[in-house]
Amino acid sequence: LKIYLKMINTSTSDSKTSLNRKTPPTIIIIFGASGDLTARKLAPAIFNLSKDNLLPKKCFLIGYGRSAMSDDSFKNEIKEALKAHSRRKIEASTWNNLEKNLIFHAGAYDDLNSFVTLENKITKIEKQIDCKVQCLFYVSTPPGVFMPILENLGESGLAKRHRGTETASKVIIEKPFGRDLQSAHELNQVINRRFDESQVFRIDHYLGKETVQSLLVQRFANSIFEPVWNRNYVSSVQITVSEDIGVGNRGGYYDKSGALRDMIQNHVMQLLALTAMEPPSSLDPESIRDEKVKALKALKPLALEGESPEVVRASYAAGLVGGSPTKAYIDEEGIPQDSSTETYAAMRLYLDNWRWKGVPFYLRSGKRLAMKASEIVVQFTRPPAILFGQDSRLKVSPNLLVIRIQPNEGVTLYLNSKTPGLETKLQPIKLAFGYETTFGSDTPEAYERLILDALNGDGTLFIRGDEAEMSWGLLSPVLDYWSSQGRQGLESYASGTWGPLAADKLLLGSGHEWITGRNYD
Ligand code: BG6
């Protein structure tokens, strides 16, 4: 498996990626430049792209924020952020290159005039360097101001700059993309009025993670998986995205969001779509996104009440994480004592299509769980119990394909093997491939890949408007139901565990159990 995946990696060189395209001169404009995401992810990603010479020679960064700041203070902020968060050390030559083109622009998000003065700055830079530039607007503010920003980009003419040419403006929109179907739809309407879809990049940083990208390669560049990737051979699929951290100082945002909006609607549903989709007819962005939409469209509405509800929500109680005591969610900073926000959500889903009819997809995500782990587990059907199976020594375990997105990115296939010795005894063994052991640890961060793709107009790893709405279409009724129930039905789990017992019931009687976190070695 190790050699095989290595071969694939070599053969999928970058023929279809942004690496071999020539990016035109660019100005990246970040709305929310003083925010946490800029410091932790965006500035380091831009720095590392620059270090790898992947940015155009003429590249500027304008930080747009509400409080006035001098260019020098902005440069300082960025430098500090890089020191704290860049995956590679900052050295003089890259920093000097970047620093001279860092500019700060103070303005309100709902003030058209601030966008007009921004446009003046952009035109001035164009005159200075004597060529047309493309603008990449990165909307990284709290979601409440997405709309005014997008409207003002339209109203000021910034959205239309050089449209139809290679220097057309582009816009990256951070998550959360709406808070339900209705608001996502309204956001899409504004976007459609102001931009062409080809200019729009709705980001989900999970799509930029190495293992997520390689999922497509694994599925469609290997002939051994495709024939068994269906209801005849797969008995269940599980997707776990667990975190050991709590809400930290993000209580204000999180309490209005919760696990379903924060993680499931975007990251987890994207993993599901990539796992379940049909082979696209080509690698172009629209073919891939068409297939993802079809998979999401096939999802059956969830049963919320009755004998066997298909969704569980819970909130963390106090507990022990990594040996240290931790607070309950409702005792965290900024969280009301009567909060009904879920910090954990799990569900059992079915796709009503030819490939997956009857195969449960179990999804779960939560904070303050036993460990940070993102995994897709494909569990295969057991072989007929004719030769092995009756005798407990000959216990046949199901074959599992575990795709580990983080940490310790890799792929493990569990097979049954005979243990050495005169007796016939079976034991699951694993064929394991680890990214780090095979390729070394210096892989780019998700945001590097995604920003580079957006600069080059490649939307493959971004969410299309209809995809976002399809995912909300499934989950909005769940949110409405929960909000009608208040705290009723909100389960609890001790921090540092794998979540509430009620989540195990989702699997009850199916012969399945949650796999991530179990020791299968
Ligand atoms: C973000 C969520 O989208 O993803 C956070 O808002 C979460 O709550 C984070 O912690 C997890 O991302 P990663 O890359 O650390 O798995």
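Start at 1 and go down the list; that is how both ligands and their atoms are numbered. No experiment lies behind these values; they were computed from the predicted model shown.
In this structure, the side chain of R261 engages the main chain of R179 through a donor-acceptor pair within 3.5 Å. Remark: the backbone N or O of Y329 is not paired with any side-chain donor or acceptor of E332 at under 3.5 angstrom. Remark: side-chain polar atoms of Q213 are paired, donor with acceptor, to backbone N or O of G208 under 3.5 angstrom.
Residues Y493 and T343 bring a donor and an acceptor atom of their side chains to less than 3.5 Å of each other. Judged purely by distance below 3.5 Å, without hydrogens or angles, the side chains of N266 and S471 never pair a donor atom with an acceptor atom. A donor and an acceptor atom, one from each side chain of N188 and E469, are located under 3.5 Å apart.
Sorted by chain and number, the heavy-atom contacts of ligand 1 below 4.0 Å come from K175, H205, Y206, K209, E243, R250, D262, M263, H267, K367, K372, Q406.
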